[in-house]
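Below is one structure, written out as structure tokens; the observations come after it.
All residue numbers in this chain count up from 1 along the given sequence.
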Amino acid sequence: GKKVLIVYAHQEPKSFNGSLLKIAVEELTKQGCSVTVSDLYAMQFEPRATRNDIVGRLHNSEAFNYGVETWEAYKRGGLSRDVVEEQKKVQEADLLIFQFPLFWFNMPAILKGWMDRVLVQGFAYDLSKAYDGGLLQGKLSLFSFTTGGSQEMYSKGSISGDIRYVLWPMQHGIMHFCGVKVLEPHICYAPENVSEEKRKEMLTAWTQRLKTLWKEEPIDCSPEWYFK
């Protein structure tokens, strides 16, 4: 069976995001997948990238450079335990699902902190090995999230602009940069502002999509997909 890591960033299990997480775990498990969940709020995951992420000596104790220090620490096995544990989960996964509510056109800080701390140089990319050459090749990713605004608000020419503009830094700047293939995002628009019936339809649509997820082709990871 395939291995799936769901990185989940919502404070409330009974939330709509919590329901989407529950469906993903149940449906993928039913398919014979091995599913691991990193529930960042429940774990009290530390989002700040600091020198605490390096165990033991610093490469340069005179002037701290997080990128250099984590790269050097990764090479010698000197990253903090919580970072190493998340890296192991990523390493083993065939598919990474990120489940979260959109905050200010972006992922919540705790999830961005996960990206900052876990996807370090040497593990996820090297400067000579990025994008199609990134170190996490052979993996798939999927961003599943909720919005506060309606689908109309996130269309081209509208007040918020095309939702794809928001996806550029997440899907292209992080996942594609690390060599990970990207599946179409799964977006539930404004679940708090629609009827109970519409919310049920959204949950059913997610269940149905998961049933055929492994047959999907990744998106064309080019600027045209986002900005055409």
Side-chain angles (χ1 to χ4, degrees), residues 4-13 15-18 20-21 24-25 35-56 58-59 63-75 77-93 95-127 130 134-136 139-148 163 165-180 182 185-187:
V4 182
L5 171 61
I6 305 177
V7 186
Y8 169 70
H10 198 288
Q11 309 90 328
E12 175 51 64
S15 64
F16 193 81
N17 274 273
L20 292 165
L21 170 68
V25 172
V35 183
T36 302
V37 178
S38 283
D39 183 341
L40 300 184
Y41 285 104
M43 292 157 64
Q44 297 190 320
F45 186 81
E46 169 59 79
R48 294 170 301 177
T50 70
R51 63 177 64 210
N52 292 338
D53 294 347
I54 292 96
V55 177
L58 289 177
H59 179 69
F64 184 75
N65 179 315
Y66 187 82
V68 170
E69 292 297 343
T70 50
W71 185 25
E72 293 295 334
Y74 176 75
K75 287 190 282 191
L79 287 171
S80 63
R81 186 189 297 174
D82 61 338
V83 171
V84 172
E85 282 174 6
E86 294 306 298
Q87 287 179 340
K88 279 182 188 158
K89 295 176 193 175
V90 171
Q91 198 70 64
E92 290 173 3
L95 168 65
L96 308 169
I97 296 177
F98 300 99
Q99 182 65 60
F100 59 96
L102 200 67
F103 284 1
W104 295 115
F105 280 45
N106 213 321
M107 61 186 83
I110 199 166
L111 178 53
K112 178 57 167 56
W114 184 94
M115 303 281 184
D116 292 348
R117 296 182 63 223
V118 175
L119 304 177
V120 300
Q121 186 170 355
F123 170 69
Y125 71 94
D126 214 324
L127 294 182
L135 300 178
L136 299 181
K139 299 182 187 301
L140 290 169
S141 62
L142 193 165
F143 285 83
S144 171
F145 59 94
T146 58
T147 68
I163 192 72
Y165 305 157
V166 174
L167 289 160
W168 169 255
M170 302 182 205
Q171 293 186 164
H172 184 76
I174 303 175
M175 286 296 110
H176 185 201
F177 187 82
C178 296
V180 181
V182 180
H186 197 86
I187 308 165

Q. Is any NZ, NE, NH1 or NH2 atom of the basic residue among E85 and K88 found under 4.0 Å from an Asp or Glu carboxylate oxygen of the other?
A. no

Q.
Using only atom types and a distance under 3.5 Å, with no angle test, would you say the side chain of R117 pairs donor to acceptor with the backbone of V83?
A. no

Q | Side chain to side chain, L127 and Q121, heavy atoms closer than 4.5 Å | A | yes

Q.
If we check side chain to side chain contact (heavy atoms under 4.5 Å, CB included) with V90, which of these qualifies: V180, T36, L136?
A. L136

(Q) Under a plain distance cut-off of 3.5 Å, with no hydrogens placed, do D82 and S80 share a side-chain donor-acceptor pair? (A) yes

Q | Contact summary for V7 and L40, nearest pair of heavy atoms | A | CG1-CD1, 3.8 Å

**Q.** Side chain K75, main chain G122, donor-acceptor under 3.5 Å
**A.** no

(Q) Classify the ring geometry of F145 against F100: parallel below 30°, tilted from 30° to 60°, perpendicular beyond 60°. (A) parallel

Q) Where do I54 and T50 come nearest, in terms of heavy atoms and distance? A) CD1-O, 4.3 Å

Q) What heavy-atom pair brings D116 and Y66 nearest, and what distance separates the two atoms? A) O-CE2, 4.0 Å

Q.
When you compare the side chain of D39 with that of Q99, does any pair of heavy atoms fall below 4.5 Å?
A. no

Q: Return the minimal non-hydrogen interatomic distance between Y41 and P108, and the atom names on each side.
A: OH-CB, 4.0 Å

Q. Can you name the closest pair of heavy atoms from R51 and F64 and give their distance?
A. NH2-CB, 3.2 Å

